[in-house]
Amino acid sequence: MAAPVAALFAGLAEHRERDARAGGTLWRPVSSTGTRAARITVVWLALAVFVVLDFVVPVAAALVFGLDGAAKVALVGAFVWLGMLGPAGLAAAATRRVGLLPTLVAAFVFTIELGYFVERSWWWLNPGAWPARLALPTMEMHFNLLPLEDTSPMADESPFPALALTLLLGAAGFAAAVLTRAARDPFLDAAPPTKSLRPRLLGRPCRGPRTPGLCPRGRGLRGRGGCRR
C-alpha cells in the first residue's frame, strides 16, 4: 500500500495548493518550476517522517529486547521510502491534471494489479513491481506475505537491480512533478496580465507625497492636488 499512501500525501498537497491558488505565487515573480520542485521535496520529506514513525517501534523493540533483525527492519523501512518517491511524484502530476480521486484509484491499480506480478521473470518490465521487488527479498516474504522459501528466485537475489530501477522511477516521478503544469483554471484564464491585474482588482496605486494609498477605482494617481488621471 506504499503507492496509495504516497499518492495521498502528494495529492492532498496539490489539492490544497489549488484551493489556495498557490498562495498568490501565480501573480508574483516566482518560478513555477521551482515552486513545484520545492513542493514535491516537502512531500518526500513528509513521507520520510511517516516511514520513520511507522518503523521506529519495531526497530526499538528489537534493540531493547536484544532480538535479531533490527538492522534488517531499518533497511526495509529505507527501501519502502525509496519506493514511495516515484509514485508520489507521478501522483502529484496526475492530481494536477485529473484530480485526486482518479489518482488514488490509479495508485491502487499500480500497487495491487501491477505489483501482483512482482515474482514473474519479467518483473523488470513492470514499474509497479520495482519497489516491491526491492523490499520483499529483504523482508523474506512473498507478495502475499507468506514466508519466502530458500528455493525462491528472490531468496538470494541482489537488491541492486531493483534499487536502480526504483531510483529511476523516483527520478521519473520528480521530473513529472516538476514539469507537469496544472489543468486550466477559469479564474486564471480570465485574469489579465500581472501589470494590469492590480489596477483591475484593487484600483490604481497612489503615491502621494507622504501617505501612499489607493485612489478610488479609475481615478488615477494621488498627487498633491488629490487623485488625478
Side-chain angles (χ1 to χ4, degrees), residues 1-14 16 37-92 100 103-104 107-120 123-124 126-174 177:
M1 302 302 291
V5 172
L8 187 63
F9 271 70
L12 288 177
E14 296 295 331
R16 182 177 62 250
R39 186 157 61 248
I40 189 60
T41 302
V42 171
V43 170
W44 283 2
L45 293 176
L47 287 172
V49 174
F50 173 81
V51 172
V52 168
L53 294 177
D54 195 21
F55 281 84
V56 67
V57 173
V59 172
L63 293 176
V64 169
F65 295 104
L67 302 177
D68 296 333
K72 183 179 293 187
V73 174
L75 184 60
V76 170
F79 287 164
V80 168
W81 177 68
L82 290 176
M84 286 180 164
L85 302 184
L90 297 175
L100 180 57
T103 300
L104 292 177
F108 275 99
V109 174
F110 182 87
T111 294
I112 298 175
E113 297 298 331
L114 297 181
Y116 177 78
F117 302 103
V118 64
E119 300 188 44
R120 300 295 193 273
W123 66 269
W124 52 276
N126 179 12
W130 298 348
R133 192 77 177 199
L134 178 61
L136 288 179
T138 307
M139 297 171 61
E140 299 180 358
M141 291 183 176
H142 290 284
F143 183 75
N144 57 5
L145 300 183
L146 292 177
L148 196 65
E149 303 88 358
D150 294 337
T151 58
S152 174
M154 292 194 304
D156 299 324
E157 185 177 77
S158 172
F160 292 107
L163 177 61
L165 292 173
T166 301
L167 293 177
L168 178 63
L169 181 62
F174 183 82

Looking only at heavy atoms, which two atoms of Pro131 and Gly83 are closest? And how far apart? CB-CA, 3.7 Å

In the structure I gave you, are the side-chain heavy atoms of Pro161 and Trp124 within less than 4.5 Å of one another anywhere? no

Drop me the distance from Leu8's CG to Leu12's CG, to the nearest 0.5 angstrom. 4.5 Å

Rounded to the nearest 0.5 Å, what separates atom CG in Leu47 from atom CG in Leu82? 11.5 Å

Hey, could you give me the NE2/CE distance between His142 and Met154, rounded to the nearest 0.5 Å? 6.0 Å

Do Leu169 and Pro87 have side chains that get closer than 4.5 Å, going by heavy atoms? yes

Atom pair CG/CG of Leu168 and Leu163 - distance to nearest 0.5 Å: 11.0 Å

Write down the atom of Phe110, the atom of Ala3, and the distance for their closest heavy-atom approach. CD2-CB, 3.8 Å

Less than 4.5 Å apart, any side-chain heavy atom of Pro159 and any of Leu134? yes

Would you name the heavy atoms of Val51 and Gly77 that are closest together and state the gap between them? CG1-O, 3.3 Å

Rounded at 0.5 Å granularity, tell me how far CG in Leu146 sits from OG in Ser152. 11.5 Å

Would you mind listing every ring-ring contact (aromatic ring centres under 6.0 Å, His included) that reaches into residues 38-77, with sequence neighbours excluded? Phe9-Phe50, Trp44-Phe174

Can you name the nearest heavy-atom pair linking Ala92 to Ala10, along with the distance? N-CB, 3.9 Å

What are the two closest heavy atoms between Trp130 and Leu165, and how far apart are they? CE3-O, 3.2 Å

Nearest-0.5 Å distance that lies between atom CG in Leu100 and atom CD in Glu14: 10.0 Å

So which atom in Pro137 and which in Ala132 form the shortest heavy-atom distance, rounded to 0.1 Å? CD-O, 4.2 Å

